[in-house]
Amino acid sequence: MRRTIALLGKELADLRQNLAIFVPSLIVVVVSTLIPVIVAVIVPAVSGERLSDSSDLEIALEVYKHDPAARGLDPEAAIQAYVFQYFLVMLVLGPVTSAMAVAASSVIGEKQARTLEPLLATPLTTFELLAAKLLGALLPAVGLSVIAFTLYMAVIAAVAEPGVFWLLLSARSVATVFLVGPLAGIVALQLAVCVSSRVNDARAAQQLGVFVILPIPALLVGQLLGFVRLTGPLILVISLFLVVANGVLMWIAIRLFDRETILTRWK
Amino acid sequence: MLSATHLTRRFDHRIALDDVSFELAAGEIFALLGPNGAGKTTTLRILAGLIAPSSGSVYVDGEPMRADTASHLRARIGFLTEAPGLWDRLTVRQNLLVYARLYELPSPRKAVEEALALFDISDRGDDRAAHLSKGLKQRVALARCLLHNPRIVMLDEPTAGLDPESARDVRDLILRLREQGRTVLLCTHNLDEVERVADRVAVLRTRLVAVGAPDALRARLFAPRVRVVLTQTAEPYAARLRSSGVTRVTAHGTSLTVELKNSSLTTPDLVRTLVEAGACVESVMPEEPPLEDVYLKLLHPEGGIQ
């Protein structure tokens, strides 16, 4: 445990000196925040046509049907809540891209900078090494989730109709951002670790993150098309799936994170 | 202290190391020599518990290196890798502190300050590793490798790319390690360095070609030779020696090189014979072939040195 904490301290100190790697993730968060604002607030304001004046009104009825808490909102606020709620899932991209950036910098970069061999020559076990790497990716992912959620909610409080903020400030939203986000990020990181143990070119490992990123916009599109509804229980199921996936990936990573392969094969 | 028994290592179908055995005693400097791809780094990695042999065993203080023992045995070994491997964005102090904690030293900060003082780099402790010269990086890497006071020290190319002064500092350090009773395994292409510090050398080319003290290997491969410098042309005296039964004599200008093996002649006899023949002897020096000649002869016994 002490060795894991020692290496985690190094990971965080190293990331503090390399904050630029989080810039793409922050851009993703900002863009994910701006899109629903454009859709739900700016476009209606510029066009002069409120959402509740259009055929979108039926959306409000849907919201009232599925979310009793929204029944206190007027139709315009209910439709805005619908848009902001559905786009909330895009905030998960932030932690995932941040974990992928950490994977590239911390796991793969370690080998490319030739800092891994002296590290492997210490008493550090593979589990301790991977645990430190995972925590080193998890903590920034959680931090980014906090930033993303705070920004999202602050923007909603500032521009959305009254009541939307309080409707969005729910356990479902918190679970989406703080459970699904970091857990999906760790899946991306562990995939990179697993694959990097079995390929000669470490860069190939980075490409695997796409398998974690793709389901997130797919989830948004699925919601917008009405195929899926991200309810509280579904978020818990997804989180549980990600927890199990992370456990399995950790088990595989420990077996695949072969010191020998990494020392002798990686170019 | 450290022993390798019948170590063999295959990478897919390629044999990197084939049935290599040797033992290292406490307070010994042992140099591992060999051409590129001979298996030196593989040997070091196996001995340091970084990779496992395909067959054969490593014992550290009599304890076998296995998957379940490697972690705690690695704590007894200091391993200087070929590249310094410092985290560029961290300071020197931060780099060392992480390792002091990984080795679970009781007072990590104190150990780091002592190491910085020992290697005379206290004033660079707060510099980022990226800003250090190659020599300083190597010094920090050496400090890191000795931070936990290991009894066994493995050094992979410790002076590669260093300026002469830094290289001398490293050599002095290696000699100090021996004085402290530590076992040093040195892996290098620098034969001059080996000549200066090593008690024994092993020449490796996938298989172990030879192991022994440099002088013993020299004596095994080359006959004792004497170089006599005269004040006059040497050729007539070479002929005189040949007629006295000395078969291997060469003359170059005013100097004679005489091989004394297979001859009853001793050095005083040789000088007496030359003086009696009228030669004016200016100097007499035993001539030892450099370790490079020993190394090349071991690798190319048929004499096909390129």
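Letters A, B, ... are given to chains in the order of the sequence lines, protein chains preceding strands, and every chain is numbered from 1.
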*Any residues in residues 112-130 of chain B near chain A, with a heavy-atom distance under 4.5 Å, and which are they?*
B/Arg128
*Salt bridge check: are B/Asp12 and B/Arg14 linked by an N-O gap of less than 4.0 Å?*
no
_Rounded distance (nearest 0.5 Å) linking atom CG of B/Leu105 with atom NE2 of B/His148_ = 8.0 Å
*If you measure from the Lys or Arg side-chain nitrogens to the Asp or Glu carboxylate oxygens, is any gap between B/Arg76 and B/Glu63 under 4.0 Å?*
yes
*Taking B/Asp156 for its side chain and B/Leu44 for its backbone only, find out whether a donor-acceptor pair lies under 3.5 Å.*
no
*What is the distance from atom NZ of B/Lys40 to atom SG of B/Cys187, rounded to the nearest 0.5 Å?*
5.5 Å
*For a side-chain contact (heavy atoms from CB on, under 4.5 Å) with B/His189, tell me which candidate from B/Val194, B/Asn36, B/Thr159 qualifies.*
B/Asn36
*asked:* So if I apply the side-chain contact (heavy atoms from CB on, under 4.5 Å) rule between B/Leu2 and each of B/Met154, B/Glu28, B/Met65, B/Glu23, which one comes out positive?
replied: B/Met154
*Going by residue number, which parts of residues 90-100 of chain B are within reach of chain A, meaning a heavy-atom gap below 4.5 Å?*
B/Leu90, B/Gln94, B/Val98, B/Tyr99
*asked:* For B/Glu104, is there an ion pair with A/Arg3 - N to carboxylate O distance below 4.0 angstrom?
replied: yes
*Would you say the side-chain atoms of B/Arg74 pair up with the backbone N or O of A/Leu124, donor to acceptor, closer than 3.5 Å?*
yes
*Between A/Arg114, A/Lys10, A/Arg2, which residue shows the highest count of heavy-atom pairs closer than 4.5 Å to chain B?*
A/Lys10
*At a heavy-atom separation under 4.5 Å, does B/Pro108 approach chain A through its side chain, its backbone, both, or neither?*
neither
_Strictly distance-based, threshold 3.5 Å: is any side-chain N or O of A/Ser239 a donor or acceptor partner for the main-chain N or O of A/Ile235?_
yes
*Heavy-atom closest contact (A/Gly136 atom, A/Leu8 atom, distance)*: N-CD1, 3.4 Å
*asked:* At a 4.5 Å cut-off on heavy atoms, which part of A/Ile5 comes close to chain B: side chain, backbone, both, or neither?
replied: neither
*Kindly assign one of parallel, tilted or perpendicular to the pair B/Phe30 and B/Phe22, based on the angle between their ring planes and the thresholds 30° and 60°.*
parallel
*Contact leader toward chain A among B/Ile77, B/Leu50, B/Thr42, B/Leu86, where contacts are heavy-atom pairs under 4.5 Å*: B/Leu50
*asked:* Only pairs of heavy atoms separated by less than 4.5 Å count here; which of B/Pro84, B/Ala70, B/Ala52, B/Ala48 has the most with chain A?
replied: B/Ala52
